[in-house]
Amino acid sequence: MAVLNVNIDHVATIRQARRADEPDPAWAAVECELAGANGITVHLRQDRRHINDRDVRVLRETVACKLNLEMSMADPIVKIAEQVVPDQVTLVPENRAELTTEGGLDCVRYKRRLLKVVKRMHKKGIAVSAFITADRDQIAASAETGCDAVELHTGMYANARTENTAKKQVLHLMAGRDFALENGLIVHAGHGLTYRNIAPVARIEGVCEFNIGHSIVSRAILVGMRRATREMIELIDKYGPHEV
Ligand code: PXP
């Protein structure tokens, strides 16, 4: 059964809109945990547009479930991960002008760098997941560099305009899942997932962790963080494969 990590970056985005001290991501994290979230995900971007260094330190102290730090492979950020020691890092590409993470990490192109970062993380006991498109070369490179997991990019599925395209994307994700499992990788998925589009992805057997942010925080503004998180967990459980 897959579990949910809630990405709470947008809580900090609202705070930063006024450079104020509310809403507090640490409080939001507690609400997610009380709803049954498996983990809390935050992306410490180089431009610190939402989550900042203090948030990561405070969350390390307060989050009782899994803390997943999403980050680029930039050295100053890697050093922070070494100091804070989250349970897991998810390595992503980072582009200054982007609104959110765009493509997957190019593990083929940056293989040497990835190899070094994975080693540094493992030395601290931190699990490493690489956020990638579900392509064989990316999956092979993730496995060869020692990553523990891959997070398959569901953005292309989420952006599909027709049912047919969405189906093709689900098949692509399933092929990626198969190849990742064959290569000994744990399979996560995320990006662009919502209450409306989660069902076909939740049905994919072998995906064990979802990272979802925008849709949950958007709903939380209207119904509260605890209820929004619980409703997403309920959908993942409802549509997810059940062991018999
Ligand atoms: N996974 C990764 C690697 C991401 O970069 C993001 C966005 O920060 C997410 C998941 C969550 O995406 P969304 O906010 O669209 O749910």
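Because only heavy atoms are used, hydrogens play no part in the values below, and waters and symmetry mates are left out as well, while side chains stay in. Start at 1 and go down the list; that is how both ligands and their atoms are numbered. Sequence positions, counted from 1, serve as the residue numbers for this chain.
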Just how far is it from atom NE2 of H214 to atom OG1 of T194, taken to the nearest 0.5 Å? 9.5 Å
E151, portion touching ligand 1 at heavy-atom distance under 4.0 Å: side chain
Ion pair check, [X] and [Y], cut-off under 4.0 Å:
{"X": "E70", "Y": "R45", "answer": "no"}
{"X": "R15", "Y": "D55", "answer": "yes"}
{"X": "R57", "Y": "D53", "answer": "no"}
{"X": "R60", "Y": "D87", "answer": "yes"}

Is there a polar contact between ligand 1 and [X], counting only N or O atoms under 3.5 Å apart?
{"X": "G192", "result": "yes"}
{"X": "G213", "result": "yes"}
{"X": "T90", "result": "no"}

Out of all atoms in ligand 1, which are within 4.0 Å of some heavy atom of [X]? Include the element for each.
{"X": "H214", "answer": "13 (P), 14 (O), 16 (O)"}
{"X": "F131", "answer": "3 (C)"}
{"X": "N211", "answer": "10 (C), 11 (C)"}
{"X": "I212", "answer": "16 (O)"}
{"X": "V92", "answer": "3 (C)"}

Counting only heavy atoms not in R109, do more than 12 sit closer than 6.0 Å to its CZ atom? no
Check the surroundings of atom OH in Y195: do more than 12 heavy atoms from other residues, nucleotides or ligands lie under 6.0 Å from it? yes
Protein heavy-atom partner closest to [atom] - residue, atom, separation in Å:
{"atom": "atom 6 (C) of ligand 1", "answer": "H191 CD2, 3.6 Å"}
{"atom": "atom 7 (C) of ligand 1", "answer": "T100 OG1, 3.6 Å"}
{"atom": "atom 8 (O) of ligand 1", "answer": "N7 ND2, 3.3 Å"}

Answer with yes or no whether E70 contacts ligand 1, where contact means a heavy atom under 4.0 Å from a ligand atom. yes
Using the test ring pair (Phe, Tyr, Trp, His ring centres under 6.0 Å), find all partners of H153 that sit at least two apart in sequence or belong to another chain. F131, H191
R226 and salt bridge (charged side-chain N to carboxylate O under 4.0 Å, His left out): which partner among E33, E231, E31? E31
